[in-house]
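Let me begin by presenting the structure, written as structure tokens, before commenting on it.
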Number of protein chains: 2
Amino acid sequence: MFDEADKSYPIELVAEFLGINSRTLYYYEKFSLVCPLRRGRKRYYSKEDINWLEYVRELMYEHGMNLRSIIILIKRRDAVILDRCPEDVVLCFKNYLARKDNGTKKIKIEGEDDALKDIK
Amino acid sequence: MFDEADKSYPIELVAEFLGINSRTLYYYEKFSLVCPLRRGRKRYYSKEDINWLEYVRELMYEHGMNLRSIIILIKRRDAVILDRCPEDVVLCFKNYLARKDNGTKKIKIEGEDDALKDIK
DNA sequence: ACTTTAATTTCACTTTAAATGAAAAACATT
DNA sequence: AATGTTTTTCATTTAAAGTGAAATTAAAGT
């Protein structure tokens, strides 16, 4: 599906790959579920981002978790979320946290810490 | 809250204790999430039932699981549901399964195996 | 047996989370 | 400035979970 040579992918391609609407990816980002690299204002999703998103979808649709609880686990850096997590996704998760925390991203995304705000 | 001497409680009392509508308890029963003892057609909830229901609520509201996945875990008798389950609730769960399977209940509840039917 | 009483069931409605559609806005590029 | 593309906003849709109220049914009392 994805060319091994490339290292990042535009939102539309990722959405298509995941079988969801790109709007849903913006939606997830509002809750800090993913934070793709920004070059200018355009988003670039890494393979880690994509694996991570796949895992989030799995948590939702196979383990029946809701977004709220996934977000809570992330905020806690909860070991629970890693327990049953495939090896490679653990790495993605750590990369995700690192990026999220260290602010590798170029542009401060507003509403970054809206996570949970709109979720009641 | 509950008198230690008694061993079972009517639906309204249980609903009030759990802070939910009694209608919700009927709703859960449709999906075989709980099966109180029936005397005549009236329902009597044991302490085990109540602990079990409290745990189900916890799974939903603290662990963010949806009914569908909880039901699936029950159907599988999945170890997962027991892993993080408090000791006493494990017992309740086993009692629940035993009662559900052995049919201690007096009246065959229709829609007993509707579980998952209405959940899409 | 008949009436009364109370639990249950049915049906339709409300609420909320999750996802999405479409148009407006914001940038980059030419 | 005009064009094209991504993003954002706003409103709507969908489905799960929960609930209200009336209709139904069974038990209990007379």
Side-chain angles (χ1 to χ4, degrees), chain A residues 8-16 18-45 53 56-72 105-112 114-120, chain B residues 8-16 18-45 53 56-72 105-112 114-120:
Chain A
S8 66
Y9 309 88
I11 193 166
E12 283 301 338
L13 194 58
V14 175
E16 189 190 5
L18 294 173
I20 60 180
N21 194 298
S22 62
R23 196 59 199 68
T24 303
L25 289 174
Y26 294 126
Y27 178 70
Y28 286 172
E29 196 171 317
K30 268 215 81 176
F31 300 122
S32 301
L33 264 176
V34 64
C35 56
L37 183 70
R38 303 285 289 259
R39 205 176 309 146
R41 66 195 175 120
K42 195 171 177 186
R43 287 164 172 75
Y44 293 92
Y45 291 79
L53 284 167
V56 166
R57 300 287 292 180
E58 184 188 318
L59 285 177
M60 294 185 74
Y61 292 98
E62 312 217 359
H63 297 258
M65 288 181 67
N66 60 27
L67 280 186
R68 180 191 181 80
S69 55
I70 294 174
I71 292 164
I72 288 171
K105 56 187 180 304
K106 300 280 165 46
I107 291 177
K108 164 66 183 167
I109 298 163
E110 49 208 329
E112 171 78 30
D114 283 359
L116 290 178
K117 198 196 64 179
D118 287 356
I119 294 189
K120 284 171 265 147
Chain B
S8 67
Y9 309 89
I11 194 165
E12 284 301 338
L13 194 56
V14 175
E16 188 190 5
L18 293 173
I20 60 180
N21 194 297
S22 62
R23 197 59 199 66
T24 302
L25 289 174
Y26 294 126
Y27 179 69
Y28 286 171
E29 195 170 319
K30 268 216 80 177
F31 301 121
S32 301
L33 265 176
V34 65
C35 56
L37 182 71
R38 303 285 289 258
R39 205 176 311 146
R41 64 192 179 125
K42 196 172 176 185
R43 288 162 172 75
Y44 293 91
Y45 292 79
L53 285 167
V56 166
R57 301 287 292 181
E58 184 187 319
L59 284 177
M60 294 185 74
Y61 292 97
E62 312 219 359
H63 297 260
M65 288 181 68
N66 60 28
L67 279 185
R68 182 191 179 81
S69 55
I70 294 175
I71 292 164
I72 288 172
K105 56 188 179 307
K106 299 281 164 51
I107 290 175
K108 164 68 183 166
I109 297 161
E110 51 210 326
E112 172 78 30
D114 283 358
L116 290 179
K117 198 195 64 179
D118 286 356
I119 294 190
K120 283 169 263 141

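Just so we're clear, the structure is a prediction, and the values are computed from it rather than from any experiment. Excluded from the calculations below are hydrogen atoms, water molecules and symmetry mates; all remaining heavy atoms, backbone and side chain alike, are included. Chain letters run A, B, ... following the sequence lines, proteins first and then strands; every chain starts at 1.
- Contacts of B:S22 classified as side chain to side chain donor-acceptor pair (under 3.5 Å), with partners at least two apart in sequence or in another chain: B:E12.
- Residue B:Y28 places at least one side-chain N or O closer than 4.0 Å to OP1 or OP2 of D:dG18.
- Atom OG in B:S69 sits 12.0 Å away from atom NE2 in B:H63 (nearest 0.5 Å).
- You'll find that the side chain of A:R38 is closest to D:dT8, out of D:dT8, C:dA18, C:dT20.
- For the pair B:V56/B:Y61, no side-chain contact is recorded, criterion being any heavy-atom separation below 4.5 Å from C-beta on.
- Atom CZ in A:R39 sits about 13 Å away from atom P in D:dT6, given to the nearest Å.
- Ion pairing of B:R57 with B:E62 is absent here, as no side-chain N (NZ or NE/NH1/NH2) approaches a carboxylate O to less than 4.0 Å.
- D:dA22 is paired with C:dT9 under the Watson-Crick or G-U wobble criterion, all donor-acceptor distances under 3.5 Å.
- Atom pair B:K30:NZ and D:dT19:P shows a separation of 17 Å (rounding to whole Å applied).
- Rounded to whole angstrom, the span from the CG atom of A:L67 across to the C1' atom of D:dT14 amounts to 15 Å.
- For the pair A:Y26 and D:dT7, the criterion of a side-chain N or O lying under 4.0 Å from OP1 or OP2 is met.
- The CD1 atom of B:I20 sits 14 Å away from the P atom of D:dA17 (whole-angstrom rounding).
- Between the OH atom of A:Y27 and the C1' atom of C:dT16 there is a distance of 10 Å, given to the nearest Å.
- Residues that satisfy the side chain to side chain donor-acceptor pair (under 3.5 Å) test with B:R23, not counting sequence neighbours, are absent from this structure.
- A:M65 places its CE atom 17 Å from the C1' atom of D:dA16, with the value rounded to the nearest Å.
- Protein atom NZ of A:K42 is 8 Å distant from nucleotide atom C1' of D:dT5, rounded to whole Å.
- Protein atom CD of B:E12 is 12 Å distant from nucleotide atom P of C:dA6, rounded to whole Å.
- Taking the ring axis of B:Y44 as reference, the NZ or CZ atom of B:R39 stays within 45° of it and closer than 6.0 Å to the ring centre.
- Separation of atoms CG (B:L25) and NZ (B:K30) is listed at 15.0 Å; rounding is to 0.5 Å.
- In the interface, the side chain of A:R41 is not paired with the base of D:dT7 through any donor and acceptor atom under 3.5 Å apart.
- The side chain of B:R43 places no N or O atom within less than 4.0 Å of a non-bridging phosphate oxygen (OP1 or OP2) of C:dA7.
- One finds no side-chain N or O of A:Y61 lying less than 4.0 angstrom from the OP1 or OP2 phosphate oxygen of D:dA15.
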I'd like a table of atom pairs between the protein and nucleotides 20-23 of chain D - only N or O on both sides, under 3.5 Å - with the distance next to each one.
unit_1: D:dG20; atom_1: OP2; unit_2: B:N21; atom_2: ND2; d: 2.4
unit_1: D:dG20; atom_1: O6; unit_2: B:R23; atom_2: NE; d: 3.3

